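Each chain gets a letter, A, B and so on, in the order the sequences are listed, and its residues count up from 1. Bear in mind that the values here come from a model prediction, so they are computed numbers and not experimental data. Atoms considered below: every heavy atom in the structure, side chains included; atoms not considered: hydrogens, waters and symmetry mates.
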Protein chains: 2
Amino acid sequence: MPALPHAAPATLHDVAREAGVSLATASRSLNGSARKVNDDYRQRVLAAAARLNYSPNFSAQAIAKGSTSTVALVVSDIADPYFSSIAAGVIRAAEAEGLIVTMAVTERNPERELELVRALRGQRPRVMILTGSRSVDSEHQAALITELTAFTATGGRVVLISQEGLPFNTVVVDNYLGARALANALVAQGYRTFAALTGAETLVTSRDRLAGFADGLAEHGIAIHPDRVVRGEFTRDGGFAAATELLATGLEQVDLVFAVNDVMAIGAMSALREAGIDVPGDIAVAGFDDIDTARDVTPALTTVNIPLTDVGRQAVALALSDTARTGDEAVRVATRVILRASSPAR
Amino acid sequence: MPALPHAAPATLHDVAREAGVSLATASRSLNGSARKVNDDYRQRVLAAAARLNYSPNFSAQAIAKGSTSTVALVVSDIADPYFSSIAAGVIRAAEAEGLIVTMAVTERNPERELELVRALRGQRPRVMILTGSRSVDSEHQAALITELTAFTATGGRVVLISQEGLPFNTVVVDNYLGARALANALVAQGYRTFAALTGAETLVTSRDRLAGFADGLAEHGIAIHPDRVVRGEFTRDGGFAAATELLATGLEQVDLVFAVNDVMAIGAMSALREAGIDVPGDIAVAGFDDIDTARDVTPALTTVNIPLTDVGRQAVALALSDTARTGDEAVRVATRVILRASSPAR
DNA sequence: CTGTTAGCGCTTTCAC
DNA sequence: GTGAAAGCGCTAACAG
């Protein structure tokens with residue numbers, strides 16, 4: 001089968017010819033900022049462009065002006081509601097600024113993240129937004145910093161979402177304080193014996209939340225028994241598995257399980273339910289993030305709210321702001337404890 | 001504050017000079033397919049590139065070779081699990097092919113969709129994938145077809161996800177048959193009196209599912225009373241609102257509420273619960289899509305499975321396949337009824 | 001195999 | 001105000 005003959009897309013040149021004007025005039029009519037072009041000509045050009053179904057070639061524009069209009073967004077897993085909500089905020093804010101967003105997924109693999117960042121530089125995006133927990137793995141971390149630094153050195157803007165500490169602009173979510181506030185609220189509800197489901201040891205987000213929670217409990221002289229802290233993947237299935245593992249050790253005296261994020265908490269609730277354990281009758285549960293479904297599960301999930309779409313929006317705003325040029329600006333977003341039916345007063 | 005001085009990114013030219021070879025040789029070493037270049041030179045070039053932290057400019061490559069490596073994906077709402085799961089499939093498949101994906105969100109607005117498609121053409125993507133329900137609104141529909149046709153006429157590939165009938169490649173989800181099978185299964189479970197929560201009249205997906213469900217019931221001589229079909233937005237909140245509205249009309253004799261998608265079903269379950277109605281004790285619920293959370297709500301939601309990430313993957317495969325050049329290829333994905341606790345046998 | 005040289009589509013001085 | 005022409009960074013003939 002022969003390749004179908006495809007007319008090449010109309011070029012600015014074609015438009016100029018069709019309109020009987022010069023390339024420059026066509027360019028100015030279609031995109032040029034100042035309205036320096038005679039309205040006669042302008043109309044002719046516009047008409048010609050419409051007639052030819054002209055669409056400006058962004059690559060050509062980018063190369064001619066030396067800058068693109070794209071935002072590169074890197075997430076761990078776009079099917080995870082935490083990331084998809086942030087992405088929604090990023091995309092909305094970016095589109096409002098006339099920016100195109102390209103999306104890349106690390107699948108929670110630091111090596112892959114590094115590769116992606118490296119590859120993404122080829123796009124010469126105006127902004128690169130990295131979300132997903134930093135890991136304390138120093139090797140990839142260092143390489144990542146190198147790569148991002150190379151990017152900012154050539155005028156790119158970088159925004160990290162989550163924990164601060166790296167030499168880049170960041171939207172900081174106060175995981176530690178949020179978790180601590182949650183612990184306090186839970187103690188106030190009457191809970192005394194806790195278990196925790198946490199993510200990989202190297203994930204900063206996971207660490208911070210667990211530390212905050214533990215410190216919050218400590219204020220009341222409560223500690224979580226080490227055997228009751230179980231690690232799992234930072235996903236729904238990870239939560240399910242971790243809860244199952246926890247069950248095996250016997251949960252009799254535990255009255256609340258804290259999962260470091262909502263998807264894990266929801267997985268844990270499913271595991272408990274399948275094991276015939278009533279939530280919150282037998283045991284209460286709390287999570288972190290306040291993803292949309294937290295209110296739709298039964299019982300509705302107690303959690304710590306993060307204004308996720310807003311975080312995305314702020315990331316874009318920060319990237320575009322003048323103050324961000326220094327490259328180490330921080331914007332903090334407030335977290336808020338949300339008590340729901342999964343942790344009634346007792 | 002003066003603009004920080006930013007070194008321009010290293011160019012191929014810089015690399016060539018640094019390595020002491022010609023531009024062509026540098027290009028060939030770094031990207032050229034055939035290994036026609038002497039290994040000596042090759043190494044020198046690679047070393048120089050590394051030293052300069054060189055990253056090829058995709059825009060320049062695109063314009064020089066006349067084609068890009070990007071896939072444009074248009075979704076209604078990336079925070080909706082239906083779309084984010086499909087997007088996950090698209091992104092994974094695209095990345096495996098070395099393609100970059102750019103994402104745009106219509107927010108369920110046909111005009112916006114049209115604008116986006118128009119704008120996206122400027123990227124000269126290899127592929128454009130549109131997901132989200134087609135609407136039967138003929139005006140936008142026609143304009144959209146025009147725009148997409150212009151795109152394919154210049155060699156672009158288009159893939160639509162969901163219902164067939166438009167002159168483009170499409171990944172077809174059998175909404176009608178799936179809903180019909182669901183109705184049959186539900187009748188077999190012992191249900192006899194139904195209500196339905198549906199989306200906007202113009203949404204093809206919503207129509208097809210409702211029609212399939214109604215026809216499935218009709219096979220058993222059952223009809224849904226028109227007063228018991230209520231329309232809402234195609235979202236969780238739409239389902240919540242629609243269920244609330246339904247409640248106002250009195251639901252005493254209804255034994256199952258079918259929502260045309262899972263997010264609506266989940267919203268409806270929350271509304272019912274808040275109204276003190278027990279699901280499935282007082283009334284059963286069923287949805288459509290089988291999003292991840294369908295199994296985590298309580299009771300777990302009866303639904304019709306669509307292999308969402310696979311749909312995304314298939315869309316990319318279809319776009320890239322040779323047979324898709326004709327532009328009207330269809331790939332069907334199978335749906336499967338999943339009975340869960342929200343509709344026990346009775 | 002390697003280097004020279006034309007472009008690719010567009011923006012932007014720089015003259016007119 | 002308008003046009004001619006010089007690039008932007010890279011690839012791909014085309015000669016050596």
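Other residues, nucleotides and ligands contribute more than 12 heavy atoms inside 6.0 Å of the CD atom of A:Q43.
Between B:R157 and B:E329, none of the side-chain N atoms (NZ, or NE/NH1/NH2) sits under 4.0 Å from a carboxylate O, so this pair counts as no salt bridge. In summary, B:R126 and B:E97 do not engage in a salt bridge, as defined by a charged side-chain N under 4.0 Å from a carboxylate O. By the 4.0 Å N-to-carboxylate-O rule, B:D39 lies too far from B:R44 to be salt-bridged with it. Under a 4.0 Å N-O distance rule, the pair A:R118/A:E115 does not qualify as a salt bridge.
Computed from coordinates, the A:R124 CZ to C:dC10 P distance equals 21 Å when rounded to whole Å. D:dG3 atom P lies 13 Å from atom CG of A:L12, rounded to whole Å. Here C:dC1 presents its C1' atom at 14 Å from CZ of B:R44, a figure rounded to the nearest Å. At whole-Å resolution of the value, NE2 in B:H13 and P in D:dC8 are 10 Å apart.
For A:E164, the side-chain contact (heavy atoms from CB on, under 4.5 Å) test picks out A:T170, A:V172, A:A330, A:R332, with sequence neighbours left out.
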Report, one pair per line, the protein and nucleotides 2-5 of chain C atoms (nitrogen or oxygen only) whose separation is under 3.5 Å.
from: C:dT2; atom 1: OP2; to: B:N38; atom 2: N; distance (Å): 2.6
from: C:dG3; atom 1: OP2; to: B:S22; atom 2: N; distance (Å): 3.2
from: C:dG3; atom 1: OP2; to: B:S22; atom 2: OG; distance (Å): 3.3
from: C:dG3; atom 1: OP2; to: B:T25; atom 2: OG1; distance (Å): 2.7
from: C:dG3; atom 1: N7; to: B:R28; atom 2: NH2; distance (Å): 2.7
from: C:dG3; atom 1: O6; to: B:R28; atom 2: NH1; distance (Å): 3.4

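Using a 4.0 Å cut-off on heavy atoms, the residues of residues 61-70 of chain B that approach DNA chain C are B:I63, B:A64, listed by number.
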